Amino acid sequence: MAKPYNHAEVEKKWQKRWEEAGAFRAIDFDKKPKWYGLVEFPYPSGAGMHVGHIKAYSSIEVLARKRRMQGYNVLFPIGFDSFGLPAENYAIKTNTHPHIITEKNIEHFSQQLKDVGFSFDWSREFATSRPDYYKWTQWIFLKLFEHGLVFRSKTLVNYCPHCKVVLSNEDSQGGKCDICHSDVVQMPKDVWFLRITDYADKLLEGLNHVDYPDSIKQQEISWIGRSEGTFVKFQVADGQGSPIPDETLEIYTTRCDTLYGVTFMVVAPEHPILDKYRENIVNWDAVEAYRAESAKKTEFERTQLVKDKTGVRIDGLCAVNPITGKEIPIFISDYVMMGYGTGAIMAVPAHDQRDYDFAKKFGIEIVQVIRGGDISKEAYTGDGEMINSGFLNGLTNKKDSIEKMREYLTEKGIGHKGVQYRMKDWAFNRQRYWGEPIPLIHCPKCGTVAVPEDELPLRLPDVENFEPGQDGKSPLARIPSFVNCTCPKCGGPAKRETDTMPQWAGSSWYYLRFCDPHNDKAFADRKKLEYWMPVDHYNGGMEHVTRHLLYSRFWHHFLYDIGEVNTPEPYAKRTYQGMILGADGEKMSKSKGNVVDPEDIVRQYGADTLRTYVLFMGDYGSAAPWSEESLKGCKRFLDRVYGLTDLCTASEENPQLDVEVQKTIRKVSEDIESMKFNTAIAALMTLINSFSKTGSITRYDLTVFLKLLSPFAPHITEEMWEEMGENRDGKTFLTLSAWPEYDESKTKDAVVKIGVQVNGKVRGTIEIAPDCSREEALAAARKESNVARFLDGTTVVKEIYVPGKILNIVVKK
RNA sequence: GCAGGAAUGGCGGAAUCGGCAGACGCGACAGACUCAAAAUCUGUUUCAAGCAAUUGAGUGAGGGUUCAAGUCCCUUUUCCUGCACCA
């Protein structure tokens, strides 16, 4: 009997040996085919690693280990996304520099990752908060600036009063702050934007060339929200109906063909036309009161679909329907958003439920222009024949009528085709300390000037107090030696930008840095990028699809356009993992007390058990609750694996068992590729059950088994490999040995069991050769007593035989 | 409201070019070992009826196609995810 397996000792032993041998080092320009596997590098929080990290990393870990065994030059790197609010908030609380906290957390995280035995190439590790890294984040920012993709604008932005910080749209989804989950308010602020909307079409088109699951593609598509429509100008008139020269109100619509049905217009409360014609507006007080009221509402409240529409009619201004020539009233209402389209709409109450509700409330005329429905009850939003619409009358195809109307409007110079996006430009500055300083200078003479490249990195200065200022400015604004500088253009006195970049900046290009992490001449050497890029397989969370994934694809497309990278898309393939829930089926959280600490699991059951379990617990992409009992099942499995050495006594291959071995090689190889890790592990469990039943196995059987299991449980298998007398020099690791090949001809069973049905119901089974003839199969079936019983006294109508699958005899009485 | 996905034993989940539903694991039950327990090993385990051979029912619900449906088609319910007064 072999000595008991000591996981703590064995796991440490191999982790040390692999590290000393540099077993997982990626070699630049190696002749072997390259494979770049990537996982989302962690934010090094003080809480340490979460079991979710283990699951997220295990998929690419298994693939990386398999690829090495298949002879690939594998790049499987790790680093830290270390700028961000949690470290800063902790710094404020404890009055410790975030740099110190961050480096300490990184150390802790690194140790935890190493304890699990992930085969990262640690020589490429970096952290986004270190100057040698953020120098290049700033450099890319300057390139964006240089190419006109950075602009400053005073507009309504999302602001989190709790974090005292401006947020991008992506960071305030559902009207909640991404960091603290409190309500976000809309505030007019002067902020820096990145023109991500310039890349909207490229980001959409790029999806056609990558291997992402449809769910991810769909989510990106709906986030970008491209819509094609028409811009139409309406002549504005004064209270008496006389046109105001050169004054038009432009709207955006996807249904310009309903123009004959337009009976009023609505503008957003923030629309500039209001202030411009303040003098004309008779009921200015009412307008202003309504404006104040809607400004109080949060974005969330305003975007709640409410049946009861509110608004105020603007007295003293009206518009002219360009096709009917009729005067129509203009309203303000907060169901129209300033941030989409032009902030003004043409209202077609007969065919839009919101406009319908509004018209009913304010007693406005409703003109039906599409036949169908019952507009005395509700708006008709379906398709149908155009009516009451002049030259469009009789058209039944939506596309045709839109086309025809647009042609007319274009000809008359009052309308044109246009595209709108739901996605907005990326609000890019944060009024906080722990981030990359934005390398821009405000010069009273020259305006905004870039910090010269040779002055990068623009270092984050030390401050006494990390608290954001009451004035809404970053702590950097309180350091005169940082703020005051000379303008690089004119040499005159100037002031630095004091805001920092958002959390997502550093992660928008980190996968490029892994190709060449220590380069101080460029963000990465072009040749190395050409060798390693694109990332072959990137796994990460679904929650990053409309944030990090979108942002990094944007930066990458930009870098491609300016010739800095060799591929338009950064990630050839993207997958995601399902969440690990607490044992109670709820999301793990400290307050619920259902958090599992991976460190405890490694200590108690071993890293191999933890790794195997997170992949065995269910479908990789689905959420599944944690079960300590199930985890123990995986521990039991590995203990049985360790006992296999005792079974390794056969000198000759058992032919039946060999078929199973060959099939298992195929199954595990294929399942890993399709990320069906749970069934791959199940196949190995099935095989070990067969080993136990057979009683003895050959050295070949054991070797194959260890190799197949190695990516999941690398330590125990490596130990057993050594105990088998392999790896004599201590460097010929199992984890770098050749992946087993299967012999297709040996995967065929000599006999198969197939079900025999009578009228579609299984009445017995027969054992026959898989390629056995129809006649032989039928003969065997008739001999089966239960089948014979059901055939007795009947007439056979039809016999269906699918070799290796089923035999169905259809009879009638 | 729109888009995408899901629903299978006590539980996590297998099986979708239509072909023996419930692989594998957990739990439960029984047995072996033990003074005993744990661990380990062996067996049973979808439900109902039966001593048993076996029979009937069964993949959210209702229809349909087919020799054969978890899988395909139509209708429908519930849940999850994303987007949403988007003009």
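Chain letters run A, B, ... following the sequence lines, proteins first and then strands; every chain starts at 1. Every value quoted in this text rests on a predicted model; they were computed, and no experiment measured them.
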- Query: Distance between the P atoms of B/G13 and B/C51, in whole angstroms?
  - Reply: 38 Å

- Is the charged tip of A/Lys55 near the ring of A/Tyr620: under 6.0 Å from the six-membered ring centre and within 45° of its axis? yes

- Task: Calculate the interatomic distance between A/Ile224 atom CD1 and B/C2 atom P; express it in whole Å.
- Result: 23 Å

- Using a cut-off of 4.0 Å between protein heavy atoms and nucleotide atoms, how would you tag nucleotides 25-34 of chain B 5' to 3' with B, S and -? SSS-------

- Check A/Ser627 against A/Tyr613 and note the closest heavy-atom contact, atom names and distance. N-OH, 2.9 Å

- So which heavy atom on A/Tyr290 is nearest to which on A/Ser333, and how close? OH-CA, 3.6 Å

- Check RNA chain B for consecutive Watson-Crick or G-U pairs with both distances under 3.5 Å and list the runs of at least three as stems. B:1-7 with B:77-83, B:10-12 with B:24-26, B:27-32 with B:40-45, B:46-49 with B:54-57, B:60-64 with B:72-76

- Proximity to the side chain of A/Thr679 - top-ranked nucleotide from B/A87, B/G19, B/A15: B/A15

- Calculate the interatomic distance between A/Leu644 atom CG and B/C41 atom P; express it in whole Å. 12 Å

What's touching nucleotides 66-72 of chain B from the protein side, N or O pairs under 3.5 Å?
| from | atom 1 | to | atom 2 | distance (Å) |
| --- | --- | --- | --- | --- |
| B/C67 | O2' | A/Asn808 | ND2 | 3.1 |
| B/C67 | O2 | A/Asn808 | ND2 | 2.7 |

- Any N/O donor-acceptor pair, A/Lys309 side-chain to B/C85 base, under 3.5 Å: yes

- Item | Working for side chain to side chain contact (heavy atoms under 4.5 Å, CB included), residues A/Tyr356 and A/Ile366 | CA-CA 8 Å; A/Tyr356 185 90; A/Ile366 297 172; 3.9 Å; yes

- Item | Rounded distance in Å - OH (A/Tyr642) to P (B/C41) | 16 Å

- With sugar-phosphate taken as primed atoms, P, OP1 and OP2 and all else as base, the protein-contact string of nucleotides 50-59 of chain B at under 4.0 Å (heavy atoms; B, S, -) is ----SSSS--

- Find the distance A/Phe234:CZ to B/A87:P and express it as a whole number of Å. 16 Å

- Task: Fit a plane to each ring of A/Phe331 and A/Phe264, take the angle between them on a 0 to 90° scale, and name the class: parallel (under 30°), tilted (30 to 60°) or perpendicular (over 60°).
- Result: perpendicular

- Query: Which part of the nucleic acid does A/Lys667 contact within heavy-atom distance under 4.0 Å: base, sugar-phosphate only, or nothing?
  - Reply: nothing

- Message: Just N and O in the side chain of A/Tyr340: are any of them under 4.0 Å from OP1 or OP2 of B/A87?
- Response: yes

- Query: Should the pair A/His416 and A/Phe231 be assigned to parallel (<30°), tilted (30 to 60°) or perpendicular (>60°) ring geometry?
  - Reply: parallel

- Message: Using the side-chain heavy atoms of A/Asn678, tell me which of these nucleotides is nearest: B/A14, B/C85, B/C20.
- Response: B/A14

- Message: Students often mix this up, so state it plainly: with edges at 30° and 60°, are the rings of A/Phe677 and A/Phe712 parallel, tilted or perpendicular?
- Response: perpendicular

- Message: Salt bridge check, A/Glu776 against A/Lys783: does any charged N sit closer than 4.0 Å to a carboxylate O?
- Response: no

- Message: Between the side chains of A/Arg547 and A/Asp178, is the shortest nitrogen-to-carboxylate-oxygen separation below 4.0 Å, so that they form an ion pair?
- Response: yes

- Take the protein atom CG of A/Leu259 and the nucleotide atom C1' of B/A87, then report the distance between them rounded to whole Å. 14 Å

- Taking the six-membered ring of A/Phe790 as reference, does the NZ or CZ atom of A/Arg763 fall below 6.0 Å from its centre and within a 45° cone about the axis? yes

- For the pair A/Lys361 and A/Asp357, find out whether any cationic side-chain nitrogen is under 4.0 Å from an anionic carboxylate oxygen. no

- Query: With no hydrogens and no angle check, do the side chains of A/Glu40 and A/His548 hold a donor and an acceptor under 3.5 Å apart?
  - Reply: no

- Considering all heavy atoms of both residues, which atom of A/Leu708 and which atom of A/Ile665 are nearest to each other, and what is their separation? CD1-CA, 3.9 Å

- 5' priority, RNA chain B, between A/Gly804 and A/Ala623 [closest heavy atom]: A/Ala623

- Closer to the 5' end of RNA chain B via nearest nucleotide, is it A/Ser227 or A/Arg422? A/Arg422

- Heavy atoms of A/Arg611 and A/Val614 approach each other most closely as O-CG2, 3.4 Å

- For B/C79 and B/U8, measure between their P atoms and round to the nearest Å. 15 Å

- Query: When you compare B/A30 with B/U81, how far apart are their P atoms, in angstrom units rounded to a whole number?
  - Reply: 41 Å

- Is B/G9 syn or is it anti, if syn means the base angle is within 90 degrees of 0? syn

- Taken to the nearest whole Å, OH/A/Tyr576 to C1'/B/G82 is 12 Å

- Item | Whether over 12 other heavy atoms sit under 6.0 Å from A/Lys233 NZ | no

- Query: Between A/Gln173 and B/C83, does any side-chain N or O lie under 4.0 Å from OP1 or OP2?
  - Reply: yes

- Assign A/Ala683 to base, sugar-phosphate, or nothing according to its heavy-atom contacts below 4.0 angstrom with the strands shown. nothing

Distances for protein N/O vs nucleotides 3-7 of chain B N/O pairs under 3.5 angstrom?
| from | atom 1 | to | atom 2 | distance (Å) |
| --- | --- | --- | --- | --- |
| B/A3 | O2' | A/Gln218 | OE1 | 3.4 |

- Message: Just the rounded figure in Å: distance from P of B/C2 to CD of A/Gln353.
- Response: 13 Å

- Rounded P spacing from B/U78 to B/A87 in Å: 27 Å

- Rounded distance in Å between the C1' positions of B/A61 and B/U54: 31 Å

- Task: For A/Asp355, report the nucleic acid contact type (base, sugar-phosphate, nothing); a contact means any heavy atom under 4.0 Å.
- Result: nothing

- Message: Has A/Asp749 got a side-chain atom pairing as donor or acceptor with A/Val752's backbone, closer than 3.5 angstrom?
- Response: no

- Message: Out of the candidates A/Glu220, A/Gln173, A/Glu170, only one should pair with A/Thr546 under the side chain to side chain donor-acceptor pair (under 3.5 Å) rule; please name it.
- Response: A/Gln173

- B/C80 to B/C29 separation - P atoms, rounded to the nearest Å: 34 Å

- What interatomic distance, in whole Å, is found between P of B/U59 and the corresponding atom of B/C20? 16 Å

- Between atom CG in A/Asp334 and atom P in B/A87, what is the gap in whole Å? 18 Å

- Between B/C74 and B/G1, how far is it from one C1' atom to the other, in whole Å? 23 Å

- If every non-hydrogen atom of A/Thr679 is compared with every non-hydrogen atom of A/Lys676, which pair is closest and at what distance? OG1-O, 3.0 Å

- Task: Could you list the residues that satisfy salt bridge (Lys or Arg N to Asp or Glu O under 4.0 Å) with A/Arg782, not counting sequence neighbours?
- Result: A/Glu799

